[in-house]
Amino acid sequence: MEDKRKRLFSGIQPSGCITLGNYLGAVKNWVALQDEYDCLFSVVDLHCITVRQDPKEFKNRSLDFFAMLLAAGIDPKEHVLFFQSHVSCHAEMAWLLNCYTYIGELQRMTQFKDKSAKHADNINAGLMTYPVLMAADILLYQADAVPVGADQKQHLELTRDIAVRFNHAYGDTFKIPEPIIPKVGARIMSLQDPTSKMSKSDPNPKACISILDSPDTIMKKFKSAVTDSEAEIAYREGKDGINNLLSIYSAVTGTSIEDAVNTFAGQGYGTFKVSVAEAVIEMLRPLQERYAEIKNDKAYIESVYKEGAERAGRIAHRTLTKTMKKIGFMIP
Ligand code: ATP
Ligand code: LTN
């Protein structure tokens, strides 16, 4: 029976580890949205090579990420979970869309500017055309909705601009996707510098929580989180460290920021940090247990990604052919 639910697509790069930021800003949301949408989730490995990767590590990490998504609760029977590189239409569609995207648009992207500054010795063309590959990911599946953290909003706007431009030139071809950005957790900040986002590529390991960190490590990282010298638990401008901890607590427990503030009002920062750490540890415990099981079952992981690539490939191929026909390619 044809699925009449709206279609959803999202992706995560297998670089670094899945951070608490990725989890609260994206993955946790993916799991919840599975009830409402017909979903495709991808480990977007092609995106990773804009930065040099060690081949062996890259391969292992890609598999780890796949297992982590399964452990987090992605249901590969109901939905599609696959590696981007297993569906060659992504790279092909990216080429087509490159020719409908302006260099000026790509140079304006905040992430491009940030990453160029960070990797000044390797500003390759892929770093710049990265958002076009992302647009290809989304448009290939005619996705209605794309859940992402706040940092990806700009890339999604570009995706929409490219799709509108193409549709305008050739007639209705692509669905125009809507972003889904969570109200709390959309932008989890670094524990060491709460004015910048928690990033898997942060060189300071204390800045970032991995969803596979041990309870001990999580507790230590929260205890050393940077706050301020006021000793007042309140959510307001200028209290970046405390705001971040309140956001994390709220996203993890599902309580509003206001209720969290009331719960902790009058307590010291030390006690508050311990409570936030405990909530995170409890949230991650079942995920870590499932991960340990799934990681050992190589045959299961393989069967899921093979089936995922087939199911995704069928949809992607349909859109790629349609797009090529519109442009005027001779289709064999
Ligand atoms: P890097 O930090 O190295 O740039 P990343 O952590 O942004 O990488 P991605 O795989 O590009 O990793 O992101 C996966 C998802 O996680 C995206 O939807 C992104 O918006 C979301 N995300 C990333 N960092 C955060 C954060 N600090 N808070 C909330 N969501 C985040
Ligand atoms: N650029 C994204 C990862 C990504 C993505 C996508 C997210 C690649 N393709 C398609 C949503 C839909 C990021 O999160 N940094």
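What's counted below: heavy atoms across the whole structure, side chains too, no hydrogens, waters or symmetry copies. Numbering starts at 1 and runs along the sequence shown. Counting convention: from 1, in listed order, for ligands and their atoms alike.
- The proximity of Ile188 to ligand 1, defined as any non-hydrogen pair under 4.0 Å, involves the side chain as well as the backbone.
- For Ser15, no heavy-atom contact with ligand 1 is shorter than 4.0 Å.
- Ligand-side atoms of ligand 2 in range of Ser10: 11 (C), 12 (C), range being under 4.0 angstrom from any heavy atom.
- At the shortest separation from atom 7 (O) of ligand 1 among protein heavy atoms lies Lys197 NZ, 2.6 Å.
- Residue contact check: Gly185 has heavy atoms under 4.0 Å from atoms 29 (C) of ligand 1.
- Within the listing of ligand 1, atoms 1 (P), 2 (O), 3 (O) sit less than 4.0 angstrom from a heavy atom of Ser199.
- Looking at Pro147 next to ligand 1, no N or O pair under 3.5 Å apart turns up.
- When non-hydrogen atoms are compared, ligand 1 lies under 4.0 Å from the side chain of Lys115 (C-beta onward) but not from its backbone.
- Looking at Ile12 against ligand 2, nothing comes within 4.0 Å, counting heavy atoms.
- Contact atoms of ligand 2 toward Val148: 7 (C), 11 (C) (distance under 4.0 Å to a heavy atom of the residue).
- Of all the atoms in ligand 2, the ones that sit under 4.0 Å from a non-hydrogen atom of Tyr130 are 1 (N), 2 (C), 3 (C), 13 (C), 15 (N).
- Here Lys200 has heavy atoms under 4.0 Å from ligand 1 in both its backbone and its side chain.
- Only side-chain heavy atoms of Val146 come within less than 4.0 Å of ligand 2; its backbone N, CA, C and O stay farther off.
- Residue contact check: Gln13 has heavy atoms under 4.0 Å from atoms 10 (O), 11 (O) of ligand 1.
- The distance from ligand 1 to the heavy atoms of Gly25 drops below 4.0 Å at these ligand atoms: 29 (C), 30 (N).
- Looking at His47 against ligand 2, only its side chain comes within 4.0 Å, counting heavy atoms.
- Taking every non-hydrogen atom of Ala26 and a distance limit under 4.0 Å, the qualifying atoms of ligand 1 come out as 15 (C), 16 (O), 18 (O).
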